[in-house]
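Data first, discussion second: the structure below is written as C-alpha cells.
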There are 2 protein chains.
Amino acid sequence: MNQSGMRGDRRSPKDPPSLAERIRLEMESFTPSEKRAAHLLLSHYPFAGLDTVAEFATRAGISAPSVLRFVTRLGFGGFPDFQKHLREELEAQLLSPLAKASPSDKSQGAPALASFAEAVIGNLKATVDNIAPAEFDAVVTLLSDSRRHIHFTGGRFTGALARYAESHFRIVRSHVDFIEGQPALWRDRVIEIGRKDVVVAFDIRRYQEDVTALCETAAKQGATVVLLTDPWLSPIARVARHVLPAHIIAPSNWDSSAGLLLLTEALVAAVTKRLWDTAKPRMEAVERLRNENS
Amino acid sequence: MNQSGMRGDRRSPKDPPSLAERIRLEMESFTPSEKRAAHLLLSHYPFAGLDTVAEFATRAGISAPSVLRFVTRLGFGGFPDFQKHLREELEAQLLSPLAKASPSDKSQGAPALASFAEAVIGNLKATVDNIAPAEFDAVVTLLSDSRRHIHFTGGRFTGALARYAESHFRIVRSHVDFIEGQPALWRDRVIEIGRKDVVVAFDIRRYQEDVTALCETAAKQGATVVLLTDPWLSPIARVARHVLPAHIIAPSNWDSSAGLLLLTEALVAAVTKRLWDTAKPRMEAVERLRNENS
DNA sequence: CAGGTTCTGAAATTTCTGATACAGCTTTTC
DNA sequence: GAAAAGCTGTATCAGAAATTTCAGAACCTG
C-alpha cells in the first residue's frame with residue numbers, strides 16, 4: 001500500500017494528451033459507425049462515454065459491438081478501461097483549475113510562493129466544502145465535554161500539528177495531553193485510556209502504523225477516536241467515530257498540512273467559544289503566571 | 001423561471017440542491033457505515049461514486065450491501081440510478097463555467113468553519129502580497145546552503161511549527177535540528193552556534209523572551225537569524241537578517257498560524273527543489289528505512 | 001442484564017453488461 | 001459483373017456487477 005515515497009518526477013505541465021484530441025486526429029481513418037460513435041463522444045465529451053455500451057450505442061445510432069470495436073481501436077482493453085480513462089481525465093482536469101491559471105509573475109521566486117499559496121488556498125476551500133457541518137459540530141461538542149480526557153497524537157509530520165492542537169487545548173480546558181507516536185512511548189499510558197476518553201489523531205498518507213495501532217487499541221478500550229486525515233482516509237478511519245478529511249496536494253514534493261491546521265484552529269476557536277465561561281479564567285491565569293515568572 | 005429571490009437574501013436562487021449538500025445535512029442521521037460512505041463520497045466528490053459498488057465499498061472500508069443501503073437511503077432506486085445522478089450533476093456543473101468557482105454553501109451549515117476559513121484565506125493572500133520575493137529567495141538560498149547548520153526554534157505555540165519545519169528539512173538535508181525554547185534546554189547547545197549557523201525562529205504576539213534571548217545570543221556569536229513572525233514583528237527582528245511576516249488575525253480568541261505554515265511549506269518545497277539532486281537520494285533512503293523497519 | 005431493535009457483512013441470487021461468433025450486407029477491385 | 005474484402009448488426013454467452021437474504025454482532029432500553 002506504500003506507494004513510492006515521493007512525487008519527485010513531475011509530469012511535464014504543458015500538454016495533457018486528451019483522448020478527444022487523439023480522436024479528432026484519427027477521425028479520417030474511422031469506419032462510418034466508428035465516426036458516429038466518435039461524434040457522439042466528442043459532442044458530449046466525456047459524459048457520453050460514461051453510460052453503458054447499450055446506451056452509448058443507441059444514442060449514437062449504432063450497435064453495441066460497433067461501440068466495442070470503436071474503443072478497442074482506440075487502444076483500450078475493453079469498455080471499462082475506456083470509461084476509467086475518461087473518469088481519470090475528467091477528474092484531473094477538474095481538480096487542477098489552479099495549475100493552468102498560474103499567472104505570469106515578476107521575478108523568479110515569487111511564482112514559487114504565489115502559486116504555492118494559490119494551491120494551498122484551493123486546498124482550504126476544497127477542505128471546507130467537503131466537511132459536513134454536522135460532523136464538525138459533533139467534534140466541537142465532543143471536545144467541549146470537559147469531563148472527558150483528550151489525547152492528541154500524530155505521525156512524523158502531523159505530530160507537530162497534534163502538538164499545536166494540544167498546546168492550545170491545554171489552556172482552554174483541562175485533561176489534555178499529547179501522546180508520542182512511537183509505541184514504546186505510549187504502551188504504558190494507553191492502558192488508562194477508556195470509555196470517557198477522546199483520542200484525536202492526525203494522520204495523512206504514508207499512514208503510520210504505530211499511530212493506527214494506538215488508535216485501534218484506544219478504540220478497543222472504548223475511547224472515542226476523532227481523525228484528521230487526507231481525502232484518502234487513513235486506516236484509522238475504520239475505528240474513528242468522526243473523520244475530518246483535508247486536501248493536501250500542493251506543488252511540492254511534500255504534502256501540505258494547511259487544511260489540517262485550518263481545521264485544528266477552527267476547532268480550537270469553536271471550543272474556546274463554547275467553553276468561554278471556564279476558558280476565560282484559565283487563559284487569564286496562564287497569562288498571570290507568564291508575567292510573574294518572567 | 002421562478003425568481004423568488006427578489007429580496008435581499010444572499011442565497012443565490014440558481015443553486016441546484018447538490019447531492020453533496022444534502023448528504024452534509026443528513027449526515028447526522030446516518031449510521032456509522034453510512035457515514036463512512038458519505039465521507040468517502042464527499043472527500044472525492046463525485047468521482048468516488050463513479051466506480052463500482054465493490055470498489056466504493058472497499059475504499060470506504062465497508063461492505064457492498066452497506067453501500068447499497070446508503071444510496072437507497074438517499075432516495076435512489078439503485079446504484080446505477082445513483083451514478084446516473086452523479087454524472088448528470090457533474091455534467092451540469094462542468095458546463096456552467098462559474099458553478100465550480102465557489103460552491104461553498106454558506107446558507108446555514110457551518111458558518112463557524114466557513115467564515116473562519118475565509119478569514120484564514122484572506123490572511124494567506126495578504127501574507128503572500130507582503131512578502132518581498134527577493135527576501136523569500138534569499139531565505140531559500142540560505143537554507144539551501146548545505147554547509148551551514150540550521151537550527152529551528154519557536155515559542156509556546158509556534159514551537160510546533162518549528163518542529164514541523166525541522167521534520168521536513170531533516171530529510172531534505174543534513175545538519176538540521178530543533179532547539180527547545182526554554183533556556184535551560186539550550187544553554188549548553190547555543191555555545192556551539194557560530195558564524196556558519198542559521199537560526200530559523202518562529203515567534204508571534206506575546207513574543208516569548210526566551211526565544212528572543214536565544215536568537216540574540218546566536219546573533220551575537222555570528223549566526224544568521226531568519227525570523228517568521230507577525231506583521232508587528234517580534235523583537236527578534238532587530239537581530240534578524242531576514243524577516244518573513246505573516247498575517248495572523250482570525251475570528252477566534254487565538255491567532256492563526258496558517259500564514260506561517262504556508263511560508264514554511266513553501267520554503268520546504270523550494271529548498272527541496274533546489275537541492276533535488278541530493279535530496280532525492282536522502283528521501284529514498286528514508287523511505288527504504290521505513291519499509292524495512294515496519 | 002435480558003429482550004428487542006438496529007446495524008452489518010458473508011454468501012447466495014438475480015440482473016445486466018460487456019464481449020463474441022457469425023451471417024448478411026455493402027463496398028471495392030479487377 | 002463476380003469475387004473478395006470490409007463493415008455492421010443479430011443473437012448469444014460468459015462473467016461481472018448489483019441486489020437480496022439471512023444470520024450474527026452491536027447497540028439500546030427498560
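Proteins get letters first, then strands, A, B, ... in listed order; numbering begins at 1 in each.
Salt-bridge check for A:Asp145 with A:Lys196: failed, with every basic side-chain N at 4.0 Å or more from each acidic carboxylate O.
Ring geometry for A:Phe152 versus A:Phe169: interplanar angle under 30°, hence parallel rather than tilted (30 to 60°). Using a 30° and 60° split on the angle between ring planes, A:His175 and A:His149 fall in the parallel class, below 30°.
Between B:Lys35 atom NZ and C:dC7 atom P there is a gap of 11 Å when expressed in whole angstrom units. Rounded to whole angstrom, the span from the CZ atom of A:Phe70 across to the P atom of C:dA19 amounts to 14 Å. One can place CG of A:Asp81 at 19 Å from P of C:dT17, the figure rounded to the nearest angstrom.
Once rounded to the nearest 0.5 Å, the distance linking CG of A:Asp255 with CD1 of A:Ile204 reads 5.0 Å. Note that CZ of A:Arg282 and CD1 of A:Ile171 are 8.5 Å apart. Values are rounded to the nearest 0.5 Å. Rounded to the nearest 0.5 angstrom, A:Thr224 OG1 and A:Arg241 CZ are separated by 4.5 Å.
Taking the salt bridge (Lys or Arg N to Asp or Glu O under 4.0 Å) definition, one finds that A:Arg274 meets it with nothing, sequence neighbours left out. Residues passing the salt bridge (Lys or Arg N to Asp or Glu O under 4.0 Å) test with A:Arg187, sequence neighbours excluded: none. Residues that satisfy the ring pair (Phe, Tyr, Trp, His ring centres under 6.0 Å) test with B:Phe56, not counting sequence neighbours, are absent from this structure.
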Inset, instruction - Sugar-phosphate means primed atoms, P, OP1 and OP2; the rest is base. With that split, encode nucleotides 8-22 of chain D 5' to 3' as B, S or - using protein heavy atoms under 4.0 Å. - result: BBB-------SBB--

Inset, instruction - Could you encode protein contacts along nucleotides 24-30 of chain D as a string, one character per nucleotide from 5' to 3', using B for base contact, S for sugar-phosphate-only contact and - for no contact, with a heavy-atom cut-off of under 4.0 Å? - result: -------

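For the helix from C:dC1-D:dG30 to C:dC30-D:dG1, the axis fitted to the five pairs at one end and the axis fitted to the five pairs at the other end meet at an angle of 30° (nearest 10 degrees).
Looking only at atom types and distance, the side chain of B:Tyr164 has a donor-acceptor partner in the side chain of A:Ser257 under 3.5 Å away.
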